[in-house]
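Excluded from the calculations below are hydrogen atoms, water molecules and symmetry mates; all remaining heavy atoms, backbone and side chain alike, are included. Convention: sequence-line order gives letters A, B, ...; per-chain numbering from 1. Just so we're clear, the structure is a prediction, and the values are computed from it rather than from any experiment.
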Amino acid sequence: MSAQDPHFFDLVYQVVRLIPKGRVTSYGAIGKYLGTGKSARMVGWAMNACHNAKPKVPAHRVVNRNGLLTGKAHFNPPEKMQQLLEKEGITVKNDQIINFEKHFWDPAKELEW
DNA sequence: GTCATGACAAAGA
DNA sequence: TTCTTTGCCATGA
């Protein structure tokens, strides 16, 4: 196809959109669910293209393994990410999610098979 | 076709 | 414990 074939990106967007409100996940968890597993970078890379994804992708629910809002700087505006997370009931302090484990949502487990 | 970069993650010192 | 290094796969030039 001459048109883009971002099948990998599309998969990432699908999973991210499945994240329940008030929950968060990590790049590695998504990558693992997609099968890329070891390459969490690809997930973050896909997020970089999420600006062109429709409908929009709740990337603010995706953080790194440490629960840190590493990609907040890529938002528009960056502060919006924390705003959205707090709005959904998630506490964010110093760009870090409090009780990250409690809000953690693993697609490979929650969605199971 | 090869080199360099990237919103990460796990292992080693 | 924190800091540093390596691996990972895909995209862009």
Looking across every strand, which nucleic acid part, if any, lies under 4.0 Å from A/A49 by heavy atom: base, sugar-phosphate, or nothing?
nothing
Please state how far atom CG in A/N66 lies from atom P in B/dA9, giving the value in whole angstrom units.
7 Å
Side chains of A/K21 and A/P58, heavy atoms from C-beta outward: is any pair under 4.5 Å?
no
Between CZ of A/F8 and C1' of B/dG6 the distance, given in whole Å, is 13 Å
Atom CD1 of A/I30 to atom P of B/dA7: distance rounded to whole Å?
16 Å
Would you kindly give the CZ-to-C1' distance between A/F104 and B/dA9, to the nearest whole Å?
12 Å
Nucleotide of C/dT11, B/dA9, B/dA7 approaching A/F9 most closely (side-chain heavy atoms):
C/dT11
Rounding to a whole Å, what distance do you find between A/K32:NZ and C/dC8:C1'?
15 Å
Starting at atom CG of A/N64, determine the distance to atom P of B/dA10, rounded to an integer number of angstrom.
11 Å
Using a cut-off of 4.0 Å on non-hydrogen atoms, how would the nucleic acid contact of A/N48 be classed: base, sugar-phosphate, or nothing?
base
Residue A/W45, side-chain heavy atoms: nucleotide from B/dA10, B/dA7, C/dT11 that is nearest:
C/dT11
Please say yes or no: joined through hydrophobic side-chain contacts below 4.5 Å, possibly via intermediate residues, are A/F100 and A/Y27 part of one cluster?
no
Could you please name the option among C/dC9, C/dT11, B/dA9 that lies closest to any side-chain atom of A/M42?
C/dC9
Is any side-chain N of the basic residue among A/E110 and A/R23 closer than 4.0 Å to the acidic one's carboxylate O?
no
In the single-linkage hydrophobic clustering (I, L, V, M, F, W, Y; side-chain heavy atoms under 4.5 Å), do A/I90 and A/W105 co-cluster?
no
If you check the A/H51 side chain, which of B/dA7, B/dA9, C/dT11 turns out closest?
B/dA7
Does the structure show a Watson-Crick or G-U wobble partner for C/dT6, both distances under 3.5 Å? Name it, or say none.
B/dA9
Tell me: CE of A/M47 to C1' of C/dT11, nearest whole Å?
16 Å
Can you tell if the side chain of A/N99 reaches within under 4.5 Å of the side chain of A/T91, non-hydrogen atoms only?
no
Ignoring the backbone of A/T70, work out which of B/dG6, B/dA7, B/dA9 is nearest its side chain.
B/dA7
Searching all strands shown, indicate the nucleotide that pairs with B/dT2 (Watson-Crick or G-U wobble; both distances under 3.5 Å).
C/dA13
